[in-house]
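For reference, the structure is listed below as structure tokens.
Throughout, residue positions are numbered sequentially from 1 according to the sequence presented.
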Amino acid sequence: MTRAASPRYTPGVSDALLRIFRGLPRYAPGSDDATREALRRLGPLPPRPRVIDLGCGGGAQTLTLAAALDGPPIVAVDRHRPFLDELDAAASRAGLGHRIRTRCADFAALDDAPGSYDLVWSEGAIYHLGLADGQRRWRPLLAPGGRLAATELTWTTDDPPAEAAAFWGAAHPAMADEADDRRVIAEAGWIVLDAFALPASAWWDGYYAPLDARLAELMPEADASLRAAVAETRREIDLWRRHGSSYGYVFYLLRPR
């Protein structure tokens with residue numbers, strides 16, 4: 001979902017943003033292939049891993065994990081019940097309802113017992129806490145030998161275009177390049193098992209293309225609030241078209257040191 005005004009973990013989210021994002025295939029850049037590749041690169045997991053997906057949104061990646069893994073139901077956490085209802089419906093249609101358990105909660109303040117999970121997953125959401133704080137808050141969830149897989153918005157150039165730097169400087173002030181991300185990860189007491197950048201197709205095919213179509217559908221009957229949200233979302237899409245080569249999501253696959 002838009003980094004400038006995410007409807008998943010922004011307090012006081014507007015009805016306009018919910019109207020824009022609800023029902024879309026994804027609420028952040030990603031793809032089934034990228035999720036499966038991250039899972040492959042994590043290395044061996046327990047035969048029946050306990051998994052929690054934090055900031056799941058509509059749960060495209062949750063469904064992919066549920067189809068790929070065997071074990072207890074994956075716990076899918078998001079603050080907005082309408083998105084979890086979408087995931088419940090999609091899981092039922094896919095025959096995966098027994099593999100997913102949704103929970104409406106704030107992933108910054110979970111009360112799960114320490115060591116409850118073998119795998120903590122989060123796509124397009126850890127930036128709400130910041131990379132370091134997210135790792136700190138979520139580390140107690142992991143059992144010995146556990147893993148964390150998370151995507152983080154990352155600069156791919158040392159000299160980003162001024163327009164992109166201004167936009168993301170306001171939307172995600174802690175955004176850094178991969179070298180600085182790795183430094184933050186190491187200082188927080190984690191080891192990078194592997195990392196890879198999402199391809200451009202993960203931004204456009206499953207995320208921006210459906211989002212752009214939704215914006216066109218909404219505009220004819222949009223009120224002032226919705227028009228403002230549409231304009232800001234289109235600004236983000238246009239920015240990616242011009243400067244998307246200067247930033248992207250990196251999938252970081254980690255274990256505690």
Side-chain angles (χ1 to χ4, degrees), residues 1-10 13 17 20-21 24 26-31 33-35 37-38 53-58 60-61 78 107-108 120-138 148-188 190 192 194-209 211-212 232-254:
M1 67 216 47
T2 75
R3 306 277 64 86
S6 162
R8 281 157 66 185
Y9 276 85
T10 301
V13 61
L17 286 172
I20 288 173
F21 285 98
L24 292 180
R26 289 183 177 273
Y27 301 159
S31 71
D33 286 345
T35 298
E37 178 66 8
D53 182 8
L54 300 177
C56 64
Q61 70 290 333
D78 202 278
F107 68 22
V120 172
W121 201 273
S122 185
E123 294 192 33
I126 196 172
Y127 90 97
H128 289 281
L129 300 178
L131 189 57
D133 194 36
Q135 293 173 104
R136 178 183 63 81
R137 290 176 184 268
W138 298 346
L148 168 63
T151 59
E152 170 66 331
L153 193 60
T154 303
W155 291 114
T156 59
T157 177
D158 294 332
D159 187 23
E163 184 183 19
F167 182 91
W168 293 117
H172 186 13
M175 185 171 166
D177 60 19
E178 185 172 340
D180 281 341
D181 282 349
R182 285 176 175 265
R183 177 186 54 78
V184 168
I185 289 166
E187 290 176 352
W190 296 77
V192 178
D194 207 340
F196 65 95
L198 297 186
S201 59
W203 284 75
W204 183 253
D205 295 348
Y207 180 50
Y208 278 152
L211 178 56
D212 199 38
E232 183 65 9
T233 306
R234 279 183 167 162
R235 180 184 170 211
E236 182 183 326
I237 296 173
D238 291 342
L239 182 79
W240 181 82
R241 286 189 174 116
R242 291 191 299 274
H243 304 302
S245 62
S246 68
Y247 57 88
Y249 267 108
V250 173
F251 228 131
Y252 291 107
L253 310 174
L254 313 175

Discussion item. Rounded to the nearest 0.5 Å, what separates atom CD in E187 from atom CD1 in I185?
Written reply: 10.5 Å
Worksheet item: How long is the span from the OG1 atom in T233 to the CG atom in L211, to the nearest 0.5 Å?
Response: 6.0 Å
Discussion item. Could you tell me if the side chain of W138 sits less than 4.5 Å from the side chain of V120, heavy atoms only?
Written reply: yes
Worksheet item: Is the distance between the ring centroids of Y249 and W203 less than 6.0 Å?
Response: yes
Item to complete: Verify side-chain contact (heavy atoms from CB on, under 4.5 Å) between V250 and T151, making sure each step is shown before the conclusion.
Response: CA-CA 5 Å; V250 173; T151 59; over 6 Å; no
Worksheet item: What pair of heavy atoms forms the shortest contact from L129 to D133, and how long is it?
Response: O-CB, 3.3 Å
Fill in: Side-chain heavy atoms of H172 within contact of E152, under 4.5 Å
yes
Item to complete: Using modelled atom types only, decide if a donor and an acceptor are shared between the side chain of Q135 and the backbone of L131 within a distance under 3.5 Å.
Response: yes
Worksheet item: Of all residues at least two apart in sequence or in a different chain, which pass the side chain to side chain donor-acceptor pair (under 3.5 Å) check with Y252?
Response: D181
Worksheet item: Going by an N to O cut-off under 4.0 Å, is there a salt bridge joining R234 and D238?
Response: no
Fill in: Y207 side-chain N/O to L24 backbone N/O, donor-acceptor pair under 3.5 Å
no
Practice prompt. Supply the atom-to-atom distance L17 CG to E232 CD, rounded to the nearest 0.5 angstrom.
Written response: 9.5 Å
Discussion item. Determine whether a donor-acceptor pair (N or O, by modelled atom type, separation under 3.5 Å) exists between the side chain of T156 and the backbone of S246.
Written reply: yes
Worksheet entry | Least distance between heavy atoms, G30 atom then E123 atom | CA-OE1, 4.5 Å
Worksheet item: Which heavy-atom pair separates P173 from A171 by the least distance, and what is that distance?
Response: CD-C, 3.8 Å
Item to complete: Determine yes or no for a side-chain-to-main-chain donor-acceptor pair under 3.5 angstrom, with S122 supplying the side chain and A150 the backbone.
Response: no
Worksheet, complete the sentence: Test side-chain hydrogen bond (donor to acceptor under 3.5 Å, both in side chains), reference Y208, set R241, R26, E236, output is E236
Worksheet item: How many angstroms lie between CG in D53 and CD in Q61, if you round to the nearest 0.5 Å?
Response: 4.5 Å
Worksheet, complete the sentence: Interatomic distance, CZ@F167 vs CG@L239, rounded to 0.5 Å, equals 6.0 Å
Discussion item. Could you go through T157 and Y247, starting from their C-alpha distance and side-chain angles, then the distance that decides it, and tell me whether this counts as side-chain contact (heavy atoms from CB on, under 4.5 Å)?
Written reply: CA-CA 7 Å; T157 177; Y247 57 88; over 6 Å; no
Practice prompt. First locate atom CD of E178, then atom OG1 of T154, and finally report the distance between them rounded to the nearest 0.5 Å.
Written response: 7.0 Å
Worksheet item: Can you name the nearest heavy-atom pair linking F251 to A34, along with the distance?
Response: CE1-O, 3.9 Å
Discussion item. Taking the six-membered ring for Trp, are F107 and W121 closer than 6.0 Å centroid to centroid?
Written reply: no
Worksheet item: Where do A195 and R182 come nearest, in terms of heavy atoms and distance?
Response: CB-NH2, 3.6 Å
